[in-house]
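The next block holds one structure in the form of structure tokens; read it before the comments.
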Amino acid sequence: MNILELKDVSFSYYGKYRTVDVIKGVSYTLETGRVYGVVGKSGSGKTTLVSLIAGMMLPTGGDVLFEGKSTSEMDLDLYRRDKLSIVFQSFRLLPLLTVLENVTYPLELRHVERAKAEEIAREKLRRVGLGESYESSLPGMLSGGEQQRVAIARALTGESRLLIADEPTGNLDEENSRNTIDLLVKLAREEDYAVVIVTHDLDVLPKMDTVLKLSDGKLVEIK
């Protein structure tokens, strides 16, 4: 099922002395049940592309359509909160909250009753392989791989089927990197997510259904 469409999307930064065209007329459609790897050199525009998909900013040309509706017509705060999930390289867990509290936090922002929020959070933690013994731990007590699993569990509390992982293995060792990618692939295969993984790690690309390369502002499918 199509979930997001980039329709002739462009983005330019306008400086005092020059204009920089970062994204140039990109068109592409993301489908649920698939894993997309996005690669490109530093400065190629990967972060800009992710920011456009995530509604952190609007394109200067073209349109980003989520389930057929333009992000330019949406409340972007609600779009980011309700329509997609993002997993970051740096985990971005709240250090003074327990694992369970970190995962329930976005649910509480959506005014889910606390007991129900905890029930959902526990189910998501089990889905990523973290048992009850982790719930009362603080993030600093966990390994990098465990922290990333908590971050993924938190991302899964949304109702969207679009998950963006921005360099999710950047702070992980080889084993935890492999486990994290396997988990994200499983979400796409078994639970019908569209998973977009932005990465510099070429070793993970064989596990992707599609590999997209961003170069000179253009998005090219290379696998």
Side-chain angles (χ1 to χ4, degrees), residues 11 13 22-23 35-57 76-77 79-110 117 121 124-125 127-130 134-158 160 162-188 193-205 207-208 211-212 214:
F11 188 85
Y13 290 102
V22 183
I23 306 294
V35 185
Y36 300 87
V38 179
V39 299
K41 295 179 180 179
S42 295
S44 62
K46 298 190 301 298
T47 298
T48 300
L49 183 65
V50 167
S51 297
L52 292 169
I53 292 174
M56 295 176 183
M57 53 193 183
L76 292 181
D77 289 333
Y79 171 67
R80 290 190 296 269
R81 190 187 74 181
D82 298 336
K83 301 301 185 183
L84 73 153
S85 302
I86 305 179
V87 176
F88 297 96
Q89 173 181 340
S90 56
F91 317 136
R92 296 197 181 181
L93 300 177
L94 299 171
L96 299 182
L97 298 186
T98 67
V99 164
L100 185 63
E101 290 167 341
N102 265 281
V103 181
T104 59
Y105 183 69
L107 292 163
E108 293 174 354
L109 289 178
R110 295 197 289 272
K124 304 307 180 189
L125 286 167
R127 192 185 298 185
V128 300
L130 297 178
Y134 288 91
E135 292 178 7
S136 60
S137 299
L138 295 173
M141 301 165 65
L142 306 180
S143 69
E146 290 165 343
Q147 290 187 62
Q148 191 60 287
R149 284 177 178 266
V150 175
I152 293 171
R154 181 178 60 186
L156 297 182
T157 60
S160 171
L162 174 59
L163 190 151
I164 301 169
D166 190 6
E167 299 285 358
T169 63
N171 287 329
L172 303 180
D173 60 28
E174 183 177 350
E175 180 180 1
N176 281 311
S177 295
R178 183 173 62 250
N179 291 339
T180 296
I181 295 300
D182 287 346
L183 177 58
L184 294 172
V185 170
K186 183 178 180 180
L187 289 171
Y193 278 79
V195 177
V196 180
I197 301 176
V198 179
T199 184
H200 283 101
D201 185 358
L202 301 183
D203 291 337
V204 310
L205 297 185
K207 297 185 178 183
M208 307 294 104
V211 178
L212 303 165
L214 195 59

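Here, residue 1 is the first one in the sequence, and each next residue gets the next number.
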- Item | N/O donor-acceptor pair under 3.5 Å between N171 side chain and Q89 backbone | yes
- Query: If you look at every heavy atom in I53 and L84, which pair is closest and at what distance?
  - Reply: O-CD1, 4.4 Å
- Message: Under a 3.5 Å distance rule, please check whether T98 uses its side chain to pair with a backbone N or O of E101 as donor and acceptor.
- Response: yes
- Message: Taking S143's backbone N and O only, do any of them form a donor-acceptor pair with E146's side chain (distance below 3.5 Å, no angle check)?
- Response: yes
- Query: L156 versus V128: any side-chain heavy-atom pair under 4.5 Å?
  - Reply: yes
- Message: Quick check against the 3.5 Å criterion: does N102 have a side-chain atom that pairs as donor or acceptor with the backbone of L93?
- Response: no
- Item | Flag for T48-Y13: side-chain donor and acceptor within less than 3.5 Å | yes
- Report yes or no: does R80 contribute a side-chain atom to a donor-acceptor pair with the main-chain N or O of G55 at less than 3.5 Å? yes
- Query: Would you call K207-D182 a salt bridge at under 4.0 Å N-O?
  - Reply: yes
- Within the side chain of Q148, is there an N or O that forms a donor-acceptor pair under 3.5 Å with the backbone of P168? yes
- Query: For K83, does its backbone N or O pair with a side-chain atom of S160 as donor and acceptor, under 3.5 Å?
  - Reply: yes
- Message: Under a 3.5 Å distance rule, please check whether K124 uses its side chain to pair with a backbone N or O of R154 as donor and acceptor.
- Response: no
- Task: Write down the atom of V35, the atom of A188, and the distance for their closest heavy-atom approach.
- Result: CG2-CB, 3.4 Å
- CG (L94) and OH (Y105) are apart, to the nearest 0.5 Å, by 6.5 Å
- Query: What are the two closest heavy atoms between M57 and F11, and how far apart are they?
  - Reply: SD-CZ, 3.7 Å
- So do the side chains of V195 and I197 get within less than 4.5 Å of each other, counting heavy atoms only? yes
